[in-house]
J.: 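Structure in structure tokens, see below.
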Amino acid sequence: KDYVDGDNNIYHTCEHCRHGTYVFSILAAKDEGTGMIGSAPDADFILFRTENDASETNQEEDNWVAAAEFADSMGASVFTTSLGYYKFDGGVGNYSPEDRDGNTSIITRAADLAASRGIVVMNSAGNSGASGLVMPADGDSVMAIGAVNPCAEYALFSSQGPSADGRINPDIALMGQSNFFILPDGNLSRGSGTSFSCPLASGLAACLVQAFPAATNIQINDALRQSASQSEFADERLGYGIPNGPFALRILEKLSEESQLLVFPNPAHDQFSVIFPSSIDRRKLKVSL
């Protein structure tokens with residue numbers, strides 16, 4: 001559905017309408033011509049256009065909210081969004097750095113609400129470097145996806161955290177520099193941006209959801225963070241680091257064991273998480289440290 005034009009045609013040929021094609025190919029491609037395979041090629045997809053390339057206004061936040069509601073009604077389990085906001089045309093409705101607190105912008109509040117419904121919400125952290133995150137990547141229940149280069153090093157354009165309320169952001173980082181994607185004419189090209197790291201993360205999340213459909217979105221998110229390359233020394237550039245799919249799978253396998261109570265990271269430092277098996281009645285639970 002196209003929330004910009006108000007119709008059901010999401011296929012546009014304008015010069016600036018190619019971004020969605022690039023992102024979608026990284027996520028969904030299964031292309032014999034180029035040999036490119038996306039991160040979740042056999043998933044089911046619901047496609048929405050909410051970004052108006054001709055302008056930048058708060059209306060686009062509202063478009064995203066409407067799309068999110070529709071996607072939720074259709075049973076979507078993962079949201080992947082390669083856009084974000086904080087500055088608008090003419091400065092009308094701009095958000096300040098202090099507003100990136102997970103509770104202020106329209107789109108962030110909607111993204112957190114979607115997560116409260118059990119949806120894995122993935123969003124590009126942005127391409128603003130030290131200038132900070134775009135929204136809704138600041139959401140406390142949103143997985144903000146940063147970028148690394150092909151050598152697994154921080155990509156200089158990738159937006160840095162923390163959030164305005166001091167949370168670690170981005171959450172994880174994947175390759176977002178010199179990524180391959182498919183052009184509208186079917187040929188391969190390369191480009192950079194957290195727009196391209198986000199669909200890689202979302203594809204991985206979709207694989208984990210498929211493997212463990214009973215897992216909650218919080219468990220999926222935590223497994224990705226805990227599996228990541230710097231889970232014990234997260235920073236403002238890469239967050240918890242580059243996720244490890246097989247390791248995340250093992251974490252969820254442990255969770256699936258009814259008798260398993262999981263505490264991570266172990267050893268713990270300043271922060272840690274405790275996940276209780278579903279067999280425990282949390283109303284009667286007492287925890288001592």
Side-chain angles (χ1 to χ4, degrees), residues 3-4 16 19-20 22-23 26-27 48-65 67-68 78-115 120-148 154-177 179 191-202 221 235-240:
Y3 285 91
V4 177
H16 300 291
H19 180 263
Y22 304 160
V23 173
I26 293 172
L27 182 62
F48 301 103
R49 179 183 178 222
T50 65
E51 170 77 11
N52 186 346
D53 297 292
S55 63
E56 193 82 322
T57 69
N58 296 102
Q59 176 63 49
E60 293 166 58
E61 293 186 87
D62 292 336
N63 293 346
W64 191 95
V65 176
V78 180
F79 285 0
T80 182
T81 304
S82 288
L83 53 76
Y85 304 99
Y86 66 93
K87 289 184 178 180
F88 300 97
D89 293 346
V92 178
N94 278 0
Y95 294 113
S96 69
E98 292 72 26
D99 291 332
R100 301 171 196 176
D101 58 1
N103 297 304
T104 299
S105 75
I106 295 167
I107 193 170
T108 297
R109 288 153 57 194
D112 279 343
L113 184 59
V120 177
V121 181
M122 300 268 183
N123 206 98
S124 299
N127 303 325
S128 302
S131 296
L133 302 168
V134 296
M135 299 160 172
D138 64 315
D140 56 19
S141 299
V142 175
M143 289 291 282
I145 312 302
V148 296
Y154 169 71
L156 296 178
F157 58 81
S158 183
S159 288
Q160 300 176 18
S163 62
D165 57 333
R167 286 175 289 109
I168 292 172
N169 262 312
D171 291 274
I172 54 176
L174 292 91
M175 183 169 157
Q177 185 170 325
N179 293 55
S192 301
T194 56
S195 285
F196 302 149
S197 58
C198 188
L200 292 177
S202 302
N221 294 348
D235 61 27
E236 73 280 0
R237 291 187 169 192
L238 302 183
Y240 293 87

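No hydrogens, no waters, no symmetry mates; every other heavy atom, side chains included, goes into these values. Since we're looking at a predicted model, the values are computed, not measured.
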J.: Is any side-chain heavy atom of Asp112 less than 4.5 Å from a side-chain heavy atom of Arg109?
T.: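 Asp112 vs Arg109: side chains apart.
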J.: Tell me every residue that passes side chain to side chain contact (heavy atoms under 4.5 Å, CB included) with Ser131, counting only those two or more places apart in sequence or in another chain.
T.: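 Per chain and number, Ser131 pairs via side chain to side chain contact (heavy atoms under 4.5 Å, CB included) with Ser128.
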J.: Test side chain to side chain contact (heavy atoms under 4.5 Å, CB included) on Met143 and Ile172; report intermediate values, then the result.
T.: CA-CA 8 Å; Met143 289 291 282; Ile172 54 176; 4.0 Å; yes
J.: Would you name the heavy atoms of Ala111 and Val142 that are closest together and state the gap between them?
T.: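 Heavy atoms only, the tightest pair is CB-CG2, 3.6 Å.
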J.: What is the ring orientation for Trp64 with Phe79, classed by angle as parallel under 30°, tilted 30 to 60°, or perpendicular over 60°?
T.: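 Perpendicular, since the angle between the ring planes exceeds 60°.
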J.: One thing to verify: whether Asp235 and Arg237 come together as a salt bridge, which I'm taking to mean a side-chain N less than 4.0 angstrom from a carboxylate O.
T.: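 No, this pair does not count.
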J.: Quick one: closest heavy-atom pair of Pro97 and Ala164, and the distance?
T.: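 For Pro97 and Ala164, the tightest heavy-atom pair comes out as O-CB, 3.5 Å.
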J.: Is there a donor-acceptor pair closer than 3.5 Å between any side-chain N or O of Thr194 and the backbone N or O of Ser124?
T.: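 Side chain of Thr194 to backbone of Ser124: no pair is present.
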J.: Could you walk me through whether Glu61 and Asn58 pass side chain to side chain donor-acceptor pair (under 3.5 Å), step by step?
T.: CA-CA 5 Å; Glu61 293 186 87; Asn58 296 102; 2.8 Å; yes
J.: Does Cys198 offer a backbone N or O that forms a donor-acceptor pair with the side chain of Ser202 under 3.5 Å?
T.: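 Confirmed, Ser202 side chain pairs with Cys198 backbone.
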J.: Measure the CG-OG1 distance between Leu200 and Thr80 for me, rounded to the nearest 0.5 Å.
T.: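 Atom-to-atom, Leu200:CG and Thr80:OG1 are 9.5 Å apart.
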J.: May I ask you to test the Gln177-Ser197 pair for a side-chain heavy-atom distance under 4.5 Å?
T.: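 The answer is no, as the side chains (C-beta and beyond) never meet within the 4.5 Å cut-off.
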J.: Could you tell me whether Arg100 sits above the aromatic face of Tyr95, with NZ or CZ closer than 6.0 angstrom to the six-membered ring centre and within 45 degrees of the axis?
T.: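 No - Arg100 does not lie over the ring of Tyr95 by the 6.0 Å and 45° rule.
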J.: Could you pull out all residues at least two apart from Phe196 that satisfy ring-ring contact (aromatic ring centres under 6.0 Å, His included)?
T.: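 Per chain and number, Phe196 pairs via ring-ring contact (aromatic ring centres under 6.0 Å, His included) with Phe181.
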J.: Looking only at non-hydrogen atoms, find the nearest pair between Ser159 and Gly132 and report the distance.
T.: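 Shortest heavy-atom contact: OG-O, 3.0 Å.
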J.: If you round to the nearest 0.5 Å, how far is CD1 of Ile107 from OG1 of Thr81?
T.: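 Going from OG1 on Thr81 over to CD1 on Ile107, the span is 6.5 Å.
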J.: Hey, could you give me the OG1/OH distance between Thr50 and Tyr3, rounded to the nearest 0.5 Å?
T.: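 The OH atom of Tyr3 is 9.5 Å from OG1 of Thr50, to the nearest 0.5 Å.
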J.: Is any side-chain heavy atom of Ile145 closer than 4.5 Å to one of Asn123?
T.: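 No, their side chains stay 4.5 Å or more apart.
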J.: Quick one: does Glu51's side chain get under 4.5 Å of His19's, heavy atoms only?
T.: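 Sidechains of His19 and Glu51: no contact.
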J.: Look up atom CZ in Arg49 and atom CD in Glu60, then write down how far apart they are to the nearest 0.5 Å.
T.: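 It is 9.5 Å, given to the nearest 0.5 Å.
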J.: With a 4.5 Å cut-off on side-chain heavy atoms, are Val120 and Asn221 touching?
T.: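 Of all side-chain heavy-atom pairs linking Val120 with Asn221, at least one is under 4.5 Å.
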J.: Does any part of the side chain of Tyr154, heavy atoms only, come nearer than 4.5 Å to the side chain of Val148, both counted from C-beta?
T.: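 Heavy-atom side-chain distance check fails, nothing below 4.5 Å.
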J.: Step by step, work out the side chain to side chain donor-acceptor pair (under 3.5 Å) result for Gln59 and Thr57.
T.: CA-CA 5 Å; Gln59 176 63 49; Thr57 69; over 6 Å; no
J.: List the steps, then state whether side chain to side chain contact (heavy atoms under 4.5 Å, CB included) holds for Val134 with Tyr85.
T.: CA-CA 5 Å; Val134 296; Tyr85 304 99; over 6 Å; no
J.: Given side chains that start at C-beta, do those of Asn63 and Val4 come closer than 4.5 Å, heavy atoms only?
T.: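 In contact.
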J.: Report yes or no: do Asp138 and Thr108 form a side-chain donor-acceptor pair below 3.5 Å?
T.: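 Distance-only check passes for Asp138 and Thr108.
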J.: Which atom pair, heavy atoms only, marks the closest approach of Phe88 to Asn94?
T.: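 The pair with the smallest heavy-atom distance is N-OD1, 2.6 Å.
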J.: Could you check whether any side-chain heavy atom of Ser192 comes within less than 4.5 Å of a side-chain heavy atom of Phe157, counting everything from C-beta outward?
T.: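 The answer is yes, as the side chains (C-beta and beyond) meet within the 4.5 Å cut-off.
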J.: Nearest 0.5 Å, please: how far is OG in Ser163 from CG in Leu133?
T.: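 Answer for the CG-OG pair, Leu133 versus Ser163, is 7.5 Å.
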J.: Okay, side chain of Asn169, backbone of Gln160: is any donor-acceptor separation there less than 3.5 Å?
T.: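 Not confirmed, Asn169 side chain does not pair with Gln160 backbone.
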J.: Nearest 0.5 Å please: distance from the CG atom of Asp165 over to the CG atom of Asn103.
T.: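 The CG atom of Asp165 sits 7.0 Å away from the CG atom of Asn103.
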J.: Write down the atom of Ala201, the atom of Leu174, and the distance for their closest heavy-atom approach.
T.: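 Looks like CB-CD1, 3.5 Å.
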J.: Please check this pair: side chain of Asp89 against backbone of Val92, looking for a donor-acceptor N/O pair closer than 3.5 Å.
T.: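 It does not hold such a pair.
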J.: Work out which heavy atom in Pro170 is nearest to a heavy atom in Ala125; give both atom names and the distance.
T.: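 Heavy-atom minimum between the residues: CB-CB, 4.2 Å.
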